[in-house]
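Since we're looking at a predicted model, the values are computed, not measured.
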Amino acid sequence: MAEENGPSVFTDFPESTSTRFYSDVQANNNFHGSGLPGIKRRGQGHGSRSWIKIDEHGNSKILELDKATVMRHCSLPARDLRLLDPKFIYPSTILGREQAIVVNLEQIRCVITADEVILMNSLDACVLQYESELCKRLQINKDQPDCLPFEFRALELALELTCLSLDAQVKELELEVYPVLDELASSISTLNLERVRRLKGQLLALTQRVQKVCDEIEHLMDDDGDMAEMYLTEKKQRKEDYFNNDSYDQADIYGKIRGAARSAPVSPASSTTGVHKLQRAFSNLSSSKHGSISASSNGQENIDQLEMLLEAYFVVVDSALNKLSSLKEYIDDTEDLINIKLANVQNQLIQFELLLTAATFVATIFAMVTAVFGMNLKTTVFDDPDGFDWTIIITGIFCLVLYIAFMIYFKHKKLLPL
């Protein structure tokens, strides 16, 4: 019962936890072991951290809390709080637990209960915006009835800021990628290729982040049990009503038993009936503690409210994912175009090399003839004054005809453009 009264648990935190925090720091400074400097001894891993607590009225304050205190207050295992640790890099996750919702969406890492939000304190712009916007909305709607419970309003703001942040990053990447790709398509250079390679790496990293948020929201919408676990206000109210009715019934039963004991002895049948009633009461109590009284087990929970909320932001994230997919396709098309251009240039070089090889072969024949006649040979060609000229003319015509024959053959084999 002490764990259900969230605000009262935090009333004595600032002095005790801060004192314990400074004592832990002093103990760590005095420790000089043979192990690694960043590793603590067993039992020293529960150092205090700075948290921001926002209640249902929009009031926020900074607290120094250790990990064990947060776990005990929110009934969370240690593996869930590891998702909120800034030292670890985890993908986006939304977990519904018995008394809390663990949210890890980009820079927003918090624990949402039925009447408060415990936010990891940070100087990041998203965290500060989440704190100020949530306090503003809660204070404005303090006296106005809202169709959404507290935990859904806090979750909605986290989803809204995450979607806006991702969408802004997608638009910024689009404005940077498209001009670079157009420039690369018109002028292929090493500098443009390096810029496209860098932007493609950013695109892949952003796509993975957006895909993870999209998959997480889709997973929640597909699982009715997980969505039912997130109705913290309703579960808390149901549990309080159950405990009130149970205490009233027990007082009534005990009063009747005392009255019956004073007037007449109890028969075995009536005592057996009373035992069965108590057993049923305790079984219901244990089932409520383990969450089996939630609507996810019997399908009576109305999860349409949360499903529509998640669906609205799923559309936004899916739209950002489609933009990234279109951008990736545009990059792939540009790469294909560049490959086609490079292949065309390579083909032109091969054609030029083929022409040059044929011309070299013909020139070699011509040079061979002139070299033969340049030797000291006894021949009647030199007796005629025009004999050598006719030899050069006939050799040139033969080489020209041979070169034309080569061109006709290359075109016939489609090795050269027509």
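Considering all non-hydrogen atoms of both residues, Tyr231 and Asp304 come closest at OH-N, 4.3 Å. Of all heavy-atom pairs between Leu119 and Cys110, the closest is CD1-CB, 3.5 Å. Annotation for Glu174 and Leu327: closest pair CG-CD2, 4.3 Å, computed over non-hydrogen atoms. Taking both residues in full, the closest heavy atoms of Cys74 and Thr113 are given as SG-CG2, 4.0 Å, listed atom of the first, atom of the second, then distance. The minimum heavy-atom distance between Asp224 and Met221, with the atom names listed, is OD1-O, 4.3 Å. Closest approach of Lys236 to Ala114, counting heavy atoms only: CD-CB, 3.9 Å.
Note on residues 334-347: pairs passing side-chain hydrogen bond (donor to acceptor under 3.5 Å, both in side chains), not counting sequence neighbours, are Lys200-Glu335. The salt bridge (charged side-chain N to carboxylate O under 4.0 Å, His left out) contacts involving residues 182-191 comprise Glu183-Arg195, where partners must be two or more places apart or lie in separate chains.
For Thr207, the side-chain contact (heavy atoms from CB on, under 4.5 Å) test picks out Leu203, Leu321, Leu324, with sequence neighbours left out. Applying the ring-ring contact (aromatic ring centres under 6.0 Å, His included) rule to Tyr409 yields no partners; only residues at least two apart in sequence or on another chain are considered. With sequence neighbours left out, the ring-ring contact (aromatic ring centres under 6.0 Å, His included) criterion links Tyr178 to Tyr330. Listed by chain and residue number, nothing satisfies the ring-ring contact (aromatic ring centres under 6.0 Å, His included) test with Phe150 (two or more places apart in sequence, or in another chain). Take Pro77 and apply the side-chain contact (heavy atoms from CB on, under 4.5 Å) test, not counting sequence neighbours, and it matches Arg79, Asp80. Considering only residues two or more places apart in sequence or on other chains, Gln237 meets the side-chain contact (heavy atoms from CB on, under 4.5 Å) condition with Glu240, Asp241. Annotation: side-chain hydrogen bond (donor to acceptor under 3.5 Å, both in side chains) contacts of Arg197 (sequence neighbours excluded): Glu194. Shown here are the side-chain contact (heavy atoms from CB on, under 4.5 Å) partners of Ser60, two or more places apart in sequence or in another chain: Ile52, Ile54, Glu131, Cys135.
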Before giving the answer on salt bridge (Lys or Arg N to Asp or Glu O under 4.0 Å), spell out for Arg49 and Asp85 the whole-Å C-alpha distance, their side-chain angles and the decisive distance to 0.1 Å. CA-CA 10 Å; Arg49 292 186 180 276; Asp85 197 335; 3.2 Å; yes
Please determine whether side chain to side chain contact (heavy atoms under 4.5 Å, CB included) holds for the pair Arg109 and Leu83, giving the CA-CA distance in whole Å, both sets of side-chain angles, and the decisive distance to 0.1 Å. CA-CA 8 Å; Arg109 303 185 178 191; Leu83 298 174; over 6 Å; no
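Between atom CG of residue Leu138 and atom CG of residue Asp55 there is a gap of 8.0 Å, rounded to the nearest 0.5 Å. Interatomic distance, Glu106 CD to Leu166 CG, rounded to the nearest 0.5 Å: 4.5 Å.
Proximity of a side-chain donor or acceptor of Gln139 to a complementary backbone N or O of Gly58 within less than 3.5 Å is detected. Ser132 places a side-chain N or O within donor-acceptor distance of the main-chain N or O of Gln129, the cut-off being under 3.5 Å. When atom types are taken as modelled, the side chain of Asn322 and the backbone of Asp318 share a donor-acceptor pair closer than 3.5 angstrom. In terms of modelled atom types and a separation under 3.5 Å, the side chain of Gln107 and the main chain of Cys126 share no donor-acceptor contact.
Using a 4.0 Å cut-off between charged nitrogen and carboxylate oxygen, Arg137 and Glu160 count as a salt-bridge pair. Contact check on Asp167 versus Lys323 returns a salt bridge, with a Lys/Arg side-chain nitrogen under 4.0 Å from an Asp/Glu carboxylate oxygen. Residues Glu176 and Arg198 are paired through a salt bridge, judged by an N-O separation under 4.0 Å between the basic side chain and the carboxylate.
The number of heavy atoms from other shown groups lying within 6.0 Å of CD (Glu172) does not exceed 12.
Taking the six-membered ring for Trp, Phe366 and Phe398 have ring centres at least 6.0 Å apart.
Donor-acceptor pairing under 3.5 Å is recorded for the side chains of Gln169 and Ser165.
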Would you be so kind as to tabulate the donor-acceptor pairs closer than 3.5 Å made by side chains of residues 352-361, with sequence neighbours excluded?
| from | atom 1 | to | atom 2 | distance (Å) |
| --- | --- | --- | --- | --- |
| Thr357 | OG1 | Glu353 | O | 2.7 |
| Thr360 | OG1 | Leu356 | O | 2.6 |

Identify each donor-acceptor pair in which a side-chain atom of residues 88-95 lies under 3.5 Å from a protein atom, sequence neighbours left out, and give them as a table.
| from | atom 1 | to | atom 2 | distance (Å) |
| --- | --- | --- | --- | --- |
| Thr93 | OG1 | Pro91 | O | 3.0 |

